[in-house]
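Shown next, in structure tokens, is the structure this report addresses.
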Number of protein chains: 2
Amino acid sequence: MLTFVLMLSFTEENYLKSLFQLTVETALKEEAGTNELAAHLGVKPATVNDMLKKLKEKKLVKYEKYGKSSLTKEGRKIAIEVIRKHRLWETFLFEKLEFSWDEVHEVAEQLEHIQSKKLIDQLDKLLNYPVSDPHGDPIPNAKGELLILHQHTLAEELVGHQCKMTGVKDNSSPFLKYVDQLGLAITKTIKVLARHEYDDLIEIEVNGKRISVSPKLAENIFVVCTACKKKSKR
Amino acid sequence: MLTFVLMLSFTEENYLKSLFQLTVETALKEEAGTNELAAHLGVKPATVNDMLKKLKEKKLVKYEKYGKSSLTKEGRKIAIEVIRKHRLWETFLFEKLEFSWDEVHEVAEQLEHIQSKKLIDQLDKLLNYPVSDPHGDPIPNAKGELLILHQHTLAEELVGHQCKMTGVKDNSSPFLKYVDQLGLAITKTIKVLARHEYDDLIEIEVNGKRISVSPKLAENIFVVCTACKKKSKR
DNA sequence: TATATTTGTTAGACTTACCTAACAAATTAA
DNA sequence: TTAATTTGTTAGGTAAGTCTAACAAATATA
Ligand SMILES: [Mn+2]
Ligand SMILES: [Mn+2]
Ligand SMILES: [Mn+2]
Ligand SMILES: [Mn+2]
């Protein structure tokens, strides 16, 4: 039995990836709206509307007029493949080509669309089957299984609790450079000392030093809390 | 002084590369025609015509109505950069990811269009600044200097002469697999024993064995002849 | 040199991915 | 429960890159 490989354009792949990131990956939601997708992709809602119809035609998204959209099983599979490629390339750039964690994303945005099963399998092998990328994001395995980390943001952590930094939400270079500057990094232990009502700053201890961080920053830092329960599964 | 980086599409890059390969790289010609380019790129002449006008506008090709086309200095520079990327990626796939020489070209066709100076510089470094790709083709260096090999095809080699295989003209997978099968490979020593008038086959000795090859095959094998003069320069 | 052939150009059309402007439906607030 | 706001859709348009069909120029051949 012949299986037809439907070739998708870069653009179509990006729409599926965005939809995945706005729904499944953030776990809290099942569907995303047209405007939301437009904002995430940096295009106009009218453009998204056209594409949703096309992707529905190809049976990759579920979409009804005036309703929210979600991925079909096949659409989700493709989205995960793109994310796997993106994160493997980021890891490659970081581990093998001396890129810093704030430089990898931009180039991986291009590399994630290269079509070659062997390329990705061999890259995975070369990197020794990594489970997370330089930003702490889980890398789907070759079967498309994705580890969902039971993490929350530093902004949500309770005063007095100690946690460990596991990743970042924002992948932009300026944000990541700022994180570096503050001495924050994945695997660092962070203790929440206080929350200041007056200006909303959060006082934390990291590297044996007390620093104050903004809620905006804290919302973009992922942690797992040793004081709370923690679990993970593929 | 600001230098503007004109961003080219994949397509535009491919036209420049083709024009380079049909002219400068084969050294014998300065210019190429519309139909010739169309055949090389696998599109129709009308399409090439439109693109030539656009690339002329961008000052990357010299083109006059009903005349042959050639690259400007800037166009040539870009073509060489694309070829450098193509051949570095082929070398990477071959050396680091266990690809065979008949598998690298197809994937390199995609990878050659990734934009990142750092990526290419680091790849070059990782591979230890290779001078030729898995097919024996010279890799332009970071300055855009390209080694022109003084090679000719096996078809042109004189009877009685001994030569060394330096590369292939055809990069297609079926051809390369056939070359493998015959026991031919880059650096192998080949002695031309005879040319048979009757059926045009060329009898050679390679790996201590006598084999007969077709002129079609011989035209796609590059050699340098130890019995003739040999020189090379950047 | 006249004619046939090859080579190159033009016009008009299609697809993809995007846009703006106008409008309609759904949701939220008064 | 009407009105305001937000969200989503439609129509029509653009640019890139491709095509076909008709035509024109250049070159080769008789
Ligand atoms: Mn990324
Ligand atoms: Mn990442
Ligand atoms: Mn290419
Ligand atoms: Mn090659």
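No hydrogens, no waters, no symmetry mates; every other heavy atom, side chains included, goes into these values. Predicted model only: the values in this text are computed from it and were never measured. In the text below, chain A, chain B and the rest are named by the order of the sequence lines, each starting its count at 1.
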Assign A/Phe10 to base, sugar-phosphate, or nothing according to its heavy-atom contacts below 4.0 angstrom with the strands shown.
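A/Phe10: no heavy atom of the nucleic acid under 4.0 Å.
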Would you say [X] reaches [N]'s phosphate, i.e. side-chain N/O to OP1/OP2 under 4.0 Å?
X: A/Tyr66; N: C/dC23; answer: no
X: A/Thr47; N: C/dC19; answer: yes
X: A/Lys65; N: C/dA24; answer: no
X: B/Lys53; N: C/dT10; answer: yes
X: A/Thr11; N: C/dT16; answer: no

Please identify each residue that fulfils side-chain contact (heavy atoms from CB on, under 4.5 Å) with A/Lys54, with sequence neighbours left out.
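For A/Lys54 the side-chain contact (heavy atoms from CB on, under 4.5 Å) partners, ignoring immediate neighbours, are A/Glu12, A/Met51, A/Lys58.
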State which residues pass side-chain contact (heavy atoms from CB on, under 4.5 Å) with A/Lys44; sequence neighbours excluded, sorted by chain then number.
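Only A/Thr47 meet the side-chain contact (heavy atoms from CB on, under 4.5 Å) criterion with A/Lys44.
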Would you mind reading off the distance between B/Asn49 atom CG and D/dA25 atom P, rounded to a whole angstrom?
14 Å
Any carboxylate oxygen within less than 4.0 angstrom of a Lys/Arg side-chain nitrogen, looking at B/Arg87 and B/Glu109?
no
Output the single nucleotide from [options] whose closest atom is nearest the side chain of [X].
X: A/Asp50; options: C/dA17, C/dC18, D/dT18; value: C/dC18
X: B/Tyr63; options: D/dT18, C/dA26, C/dT9; value: C/dT9
X: A/Ala46; options: C/dG8, C/dA21, D/dC19; value: C/dA21

Distance-only side-chain donor-acceptor flag, B/Trp101 / B/Asn171, under 3.5 Å:
no
Using a 4.0 Å cut-off on heavy atoms, which residues in residues 34-45 of chain B reach DNA chain D? List them by number, or say none.
B/Val43, B/Lys44
Give a yes or no on whether the backbone of A/Thr23 and the side-chain of A/Thr26 come within a donor-acceptor separation of less than 3.5 Å.
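Judged by distance alone, yes, a pair lies under 3.5 Å.
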Within the 6.0 Å centroid threshold, strictly below: B/Phe92 and A/Phe92:
yes
